[in-house]
Number of protein chains: 2
Amino acid sequence: MATTTAQDAELAGALVQTMHVLQDLYAETSRPLGLTPQQAHLLCVLLAGPLGMTELSRILSIERSSLTSMVDRLERRDLVARIPNPTDRRAFQIELTDPGLALANDAHKAFTTRIDDLTADLSPTARRTLSTALTSIFSRA
Amino acid sequence: MATTTAQDAELAGALVQTMHVLQDLYAETSRPLGLTPQQAHLLCVLLAGPLGMTELSRILSIERSSLTSMVDRLERRDLVARIPNPTDRRAFQIELTDPGLALANDAHKAFTTRIDDLTADLSPTARRTLSTALTSIFSRA
DNA sequence: TATTGTTATACTCTATAACTATA
DNA sequence: TATAGTTATAGAGTATAACAATA
């Protein structure tokens with residue numbers, strides 16, 4: 001127990017609460033756009049470019065079979081498309097359609113705006129400090 | 001656009017990434033305990049004391065009807081109990097059973113440990129700064 | 001009338017296991 | 001053999017609408 005201090009508990013608690021508040025905010029923001037939080041996440045990941053099913057499932061931390069049905073639903077709504085991979089006939093690239101791109105941008109902007117509102121009172125220095133700290137802790141290789 | 005700077009975007013992005021990483025960690029930690037992340041959240045909320053359905057649904061940000069089925073499942077596993085409210089015959093208090101309390105404590109300890117591991121490299125000062133900043137931004141009235 | 005909680009219903013998310021097609 | 005993705009299945013989470021009982 002020597003390594004667990006009251007300050008550890010405080011920080012862990014603050015992070016868990018941060019997660020829950022942001023989750024709620026993410027859900028509230030996605031919903032009026034007609035998206036579940038998971039769908040919004042998927043579309044926003046694809047903003048960086050098309051991805052194969054396996055890679056996308058890894059990024060979203062879900063099984064490939066779970067992703068299949070998510071992509072099915074989004075494809076039916078013409079938000080994403082399965083593009084055959086010319087070099088591997090087993091594989092697809094999942095990419096945003098034009099409406100999917102527009103919606104992903106809307107979602108991204110909506111989240112960012114809501115979070116900016118929450119953090120509006122911070123000084124530029126505090127903002128930079130926080131951003132740096134979180135990035136160094138939670139960035140993934 | 002004058003109010004949105006590159007630093008805003010950086011901070012919002014860092015916070016969204018933080019949320020996703022913590023969500024994954026929360027799920028990974030709950031699973032070996034036989035809990036979904038939502039179930040773990042519910043049990044941990046009850047660590048503070050019994051709550052009525054309406055109050056609990058508000059805290060979890062879900063509809064009361066959604067909560068009914070969650071509580072059904074947890075009650076079947078003897079992790080929570082519906083205690084009649086003596087002063088209002090419509091209402092229940094949802095409370096942890098002994099096994100539910102033990103499991104909630106296990107879950108809480110497991111999250112905290114994982115998060116502490118992630119933040120182990122921070123100095124006490126950085127830890128306190130981060131904790132204070134997050135609490136001030138994300139604490140709810 | 002308003003509130004507490006439930007039921008009925010429909011979707012979505014998710015995992016596991018077994019499968020097809022291709023590499 | 002290994003990998004990419006799907007199908008089948010089952011269970012869990014969630015919302016909406018309508019409801020019963022009580023306040």
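Order of the sequence lines sets the chain letters (A, B, ...), proteins ahead of strands, with each chain counted from 1.
For the atom pair B:Gln38 CD and B:Leu74 CG, the distance stands at 11.0 Å (nearest 0.5 Å).
In this structure, B:Leu35 places its CG atom 14 Å from C1' of D:dG13, rounding to the nearest Å. Rounded to a whole Å, the CG atom of A:Leu67 is 16 Å from the C1' atom of D:dT3. At whole-Å resolution of the value, CZ in A:Arg64 and C1' in D:dT3 are 7 Å apart. Distance CD (A:Glu63) to P (C:dT12): 21 Å, rounded to an integer number of Å. Atom pair A:Asp24:CG and D:dA15:P shows a separation of 10 Å (rounding to whole Å applied). Taking atom CG of residue A:Asp72 and atom P of nucleotide D:dG5, one finds them 13 Å apart after rounding to whole Å. We find that CZ of B:Arg76 is positioned 11 Å from P of D:dG11, with the value rounded to whole Å. The distance between atom CD1 of B:Ile62 and atom C1' of D:dA15, rounded to the nearest whole Å, is 11 Å.
Residues A:His41 and A:Phe111 keep their aromatic ring centres 6.0 Å or farther apart.
Within the structure, a side-chain polar atom (N or O) of B:Arg73 is placed less than 4.0 Å from OP1 or OP2 of D:dG13. Within the 4.0 Å cut-off from OP1 or OP2 of C:dT14, not a single side-chain nitrogen or oxygen of B:Arg31 is found. Distances shorter than 4.0 Å separate none of the side-chain N or O atoms of A:Ser66 from OP1 or OP2 on C:dC13. For B:Ser69, no side-chain nitrogen or oxygen approaches OP1 or OP2 of D:dA12 to under 4.0 Å. For D:dG5, neither phosphate oxygen OP1 nor OP2 lies less than 4.0 angstrom from any side-chain nitrogen or oxygen of A:Ser65. Here A:Thr68 does not reach the OP1 or OP2 of D:dG5: none of its side-chain N or O atoms lies under 4.0 Å away.
With hydrogens and angles ignored, the 3.5 Å screen pairs no side-chain donor or acceptor of A:Ser131 with any backbone N or O of A:Arg127.
Applying the side-chain contact (heavy atoms from CB on, under 4.5 Å) rule to A:Thr68 yields the partners A:Met53, A:Asp72, A:Arg82; only residues at least two apart in sequence or on another chain are considered. B:Ala110 is linked by a side-chain contact (heavy atoms from CB on, under 4.5 Å) to B:Thr29, counting only residues two or more places apart in sequence or in another chain.
For the salt bridge (Lys or Arg N to Asp or Glu O under 4.0 Å) condition, the pairs that include at least one residue of residues 45-57 of chain B, sequence neighbours left out, are B:Glu55-B:Arg58. Sorted by first and then second residue, the salt bridge (Lys or Arg N to Asp or Glu O under 4.0 Å) pairs with a member in residues 28-43 of chain B read B:Glu28-B:Arg114; sequence neighbours excluded.
Checked against C:dC13, C:dT14, D:dA4, the side chain of A:Thr36 finds its nearest nucleotide in C:dC13. You'll find that the side chain of B:Met53 is closest to C:dT6, out of C:dT12, C:dT6, D:dT14.
The 12-atom threshold is not exceeded at NE2 of A:His108, counting heavy atoms of other residues, nucleotides or ligands nearer than 6.0 Å.
Inter-axis angle, ends of the helix from C:dT1-D:dA23 to C:dA23-D:dT1, five pairs per end, rounded to 10 degrees: 0°.
Position along DNA chain C of the nearest nucleotide to A:Met70 versus A:Thr87 favours A:Met70 as the more 5'-ward residue.
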Extract from the structure each pairing of a protein N or O with an N or O of nucleotides 19-22 of chain D at less than 3.5 Å, listing the distance.
residue: D:dT22; atom: O2; partner: B:Arg90; partner atom: NH1; Å: 3.2

